[in-house]
Novice: 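Pasting a structure below so you can have a look.
Sequence lines set the chain letters: A, B, ... in the order given, protein chains first and strands last, and positions in each chain run from 1.
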Amino acid sequence: MIRNEDSSSLNTQLDLRANIAGVAFKNPIVMASGTFGFGKEYAKYYDINELGGISGKGLTLQPKAGNQGTRVYETASGMLNSVGLENPGIPSFLEKECAYWETLDTARIVNLGGNTFEDYVTGAELIQQDADRRSDSGRKAVDMIELNISCPNVKEGGIAFGIRTCDARELVRAVRRATSLPLSVKLSPNAEDVADMALMCQEEGADAVSLINTISGMKIDVRRRRSVFNNLYAGLSGPAIKPIALRMVHQVAKRVEIPIIGMGGISSATDIIEFIMAGATVVQVGTYNFMNLRAGEDLLRDLRQFMIEENIYSLDEIRGIL
Amino acid sequence: MGTVISNERLADNVYHLRVGGEYGGEMGQFYMLRAWGAYPVLSRPLSIHQVSDEGIDFLYHVVGEGTELFSQLTPGNSINLEGPFGSGFPAVTGRVALVGGGIGIAPLLYCARELPGSDVYLGFSREPYRTEEFRSHAARLTVDVGGLVLDNVDFAEYDHVFVCGPHPMLKAAQLKGIAAVTAGSTVNVYLSLENRMACGIGACLVCSVSCKDGQRKACADGPVFLAEEVVFHD
C-alpha cells in the first residue's frame with residue numbers, strides 16, 4: 001500500500017479502465033440512453049470526453065414523434081417517464097448527429113429500438129453500412145450498438161420483444177447477423193427471467209448485456225379518475241429502482257460470461273461501486289443527470305476519491321466479488 | 001449556490017422568492033431551481049420574474065412537493081440555480097400587449113420593464129398580486145379578477161401579444177390571434193408554455209411540444225413559441 005504519497009499522485013495511478021469487445025472505456029461511467037440526448041446539451045456544462053461513454057437517445061428506423069400528453073411524473077425517490085421513443089430516425093441521426101460523434105473521444109453507443117423485427121434489422125444494417133463508409137475514410141462515429149428490446153413506452157416493438165426469451169432470441173440473432181459492431185442487448189426488468197434472457201443473448205453472440213431498463217409503473221390522477229399518462233403505464237427510474245437493478249445485475253453476473261453494463265438509479269460513486277461489486281463491467285447513469293447537471297464530472301471525481309480512500313487501484317480488484 | 005434573500009407570501013399559495021447573486025437572463029427564460037439534496041429527484045423550472053442589483057426574483061404557486069419545499073425557505077437558506085435556460089420572448093418594437101393569467105404573470109414583469117409602454121393585462125381568479133410593480137412600467141394596466149382576462153384584449157390593436165397563463169388561456173389566445181389575422185391584423189402572438197421538465201436543457205424530451213413542423217422542446221426551443229406554430233392536442 002502506498003500510503004505516504006499524496007492523493008494527487010495516487011489519483012494518476014488509479015486504473016478505471018474497462019474494455020468490452022474491444023471498445024475501450026476510460027472509466028466505468030457511461031451516460032444512459034434517453035437521458036443524455038446525443039451528448040451535445042451536456043457538453044456545454046462539462047467535458048463529456050472525460051466520460052467512459054455515452055449511449056444516445058434510442059433510435060428507430062423511422063422518425064417518431066413520441067407519446068402525447070404528460071411524459072414525466074415524479075414519484076418517491078424516482079420518476080415515471082412516457083416519452084415513447086421520440087427520435088429523429090436512424091437516417092437522420094447518421095446524417096446529422098454522427099459528424100459530432102466523430103469528434104468525441106469517449107465510447108459512443110447507438111441505442112437501437114424498433115417497431116417491427118424488420119425495422120430493427122434494417123436499422124442495424126444502416127448503422128453498419130454507415131460505419132463501413134466512415135471506416136473507409138479512416139473515421140468512426142459509433143463504437144457499439146445497444147439493442148433495446150426493453151422500452152416499456154411504445155406499443156409495438158420495444159418491450160414486446162423483451163418479456164419472453166423465445167420472442168427475443170430471433171431478434172438478437174438477426175441483429176447479430178446484421179452488424180459486426182460490438183453489440184450489447186438492453187434487457188427489461190419486466191422480462192419473465194432476466195438471467196435466462198441474458199444467457200440467450202450470450203448464446204446468440206451478443207458481446208454484452210445492458211440492464212436494467214425502466215420498470216413498468218403507473219400513476220393515477222385521483223381527481224380526474226384517470227392515469228396521468230395517455231399510454232396508461234410508464235417507466236420508473238431513479239434511486240427507487242436501484243436495489244432491484246443491483247439484484248438483477250448480480251443474478252445475471254452469476255449466469256453469463258459476457259460483460260454487463262449495469263444501471264438503475266445510480267446517483268453516487270458508491271452506487272457505482274456496488275454495481276461493479278455485483279458484477280458490472282461498466283455502469284450507466286440516467287436519472288441522476290436530471291438531479292445534477294454535472295453528474296458525470298462529479299461522479300468521476302467522487303469515484304476516484306472513494307478508490308483512494310479504500311486503496312482500490314483498479315476496479316478489477318472489486319468486480320464481481322459477491 | 002445562491003442564497004435566499006426573501007421569500008414572501010403574496011396570496012393563497014403564491015410566493016415571491018428573491019435569490020442573491022449575479023444571475024442574468026432574457027425575457028421569458030427560466031432557471032432550474034433546487035433547494036434540496038437528492039429528493040425530490042427533479043429540479044423545478046421557474047421563469048425569471050425580474051433581475052436587479054439585489055439578485056433574481058421568481059414567483060411560484062405551491063402545487064406540489066417541490067414548490068411546497070420552496071415555500072418553507074427563509075432568508076439565508078441555500079438554493080441551487082442552473083440557467084438561464086430556454087428561448088424567451090423576442091425583443092420586439094411596436095405596440096405590445098402583455099397578457100398574464102394567475103402565476104402566468106411571472107415572466108411578464110421582466111417584459112414590462114424591457115418593453116416600456118406596453119399595455120399590460122393581468123387576470124386573477126381571486127386575489128390579485130404584484131399589480132403595482134407592473135403599473136409603473138405599463139402604458140395601461142388592466143386587472144381582471146374572476147373573469148377571463150383575454151376578453152379585455154383586442155388583439156388587432158397590437159403588433160405583438162405575449163401570453164402566459166393556464167393551458168386553456170393559451171389555447172384561447174391562439175384562437176384569438178388566428179381570428180385577428182384572418183380579419184386582416186398582422187399581430188404576432190407569443191405563448192409561454194409550462195410543461196413538466198426533467199433535464200431543462202433539451203436532452204430528455206419529456207417536455208416535448210407538438211408544433212406544425214414537428215416536435216420541439218419546451219425547455220430549449222421554448223418555453224416561448226409563436227402561437228401559430230403550436231399544435232394543441234387537448
Novice: Please state whether the side chain, the backbone, both or neither of A:Ser268 comes within less than 4.5 Å of a heavy atom of chain B.
Specialist: neither
Novice: A:Tyr288 versus chain B, heavy atoms under 4.5 Å apart: side chain, backbone, both or neither?
Specialist: neither
Novice: Please state whether the side chain, the backbone, both or neither of A:Gln68 comes within less than 4.5 Å of a heavy atom of chain B.
Specialist: side chain
Novice: With a 4.5 angstrom heavy-atom cut-off, which part of A:Lys40 approaches chain B: side chain, backbone, both or neither?
Specialist: neither
Novice: Between B:Glu82 (side chain) and A:Leu293 (backbone), is there a donor-acceptor pair under 3.5 Å?
Specialist: no
Novice: At a 4.5 Å cut-off on heavy atoms, which part of A:Ser77 comes close to chain B: side chain, backbone, both, or neither?
Specialist: both
Novice: Tell me, do B:Arg34 and A:Met291 make a side-chain contact under 4.5 Å, heavy atoms counted?
Specialist: yes
Novice: Based on non-hydrogen pairs under 4.5 Å, which of B:Gly202, B:Gly214, B:Ala203 is most in contact with chain A?
Specialist: B:Ala203
Novice: Could you tell me whether the side chain of B:Lys217 reaches within less than 4.5 Å of the side chain of A:Glu41, counting heavy atoms only?
Specialist: yes
Novice: What part of B:Phe232 lies closer than 4.5 angstrom to a heavy atom of chain A: side chain, backbone, both or neither?
Specialist: neither
Novice: Using side-chain heavy atoms (C-beta onward) and a distance below 4.5 Å, is B:Val41 in contact with A:Pro239?
Specialist: yes
Novice: Using non-hydrogen atoms and a 4.5 Å limit, figure out which bit of B:Ala220 sits close to chain A: side chain, backbone, both or neither.
Specialist: neither
Novice: What heavy-atom pair brings B:Arg196 and A:Val72 nearest, and what distance separates the two atoms?
Specialist: CD-O, 3.2 Å
Novice: Taking atom CD of A:Glu274 as the centre, report whether more than 12 heavy atoms of other residues, nucleotides or ligands fall under 6.0 Å from it.
Specialist: yes
Novice: For the residue pair B:Leu205 and A:Arg71, what are the closest heavy atoms and their distance?
Specialist: O-NH1, 2.8 Å
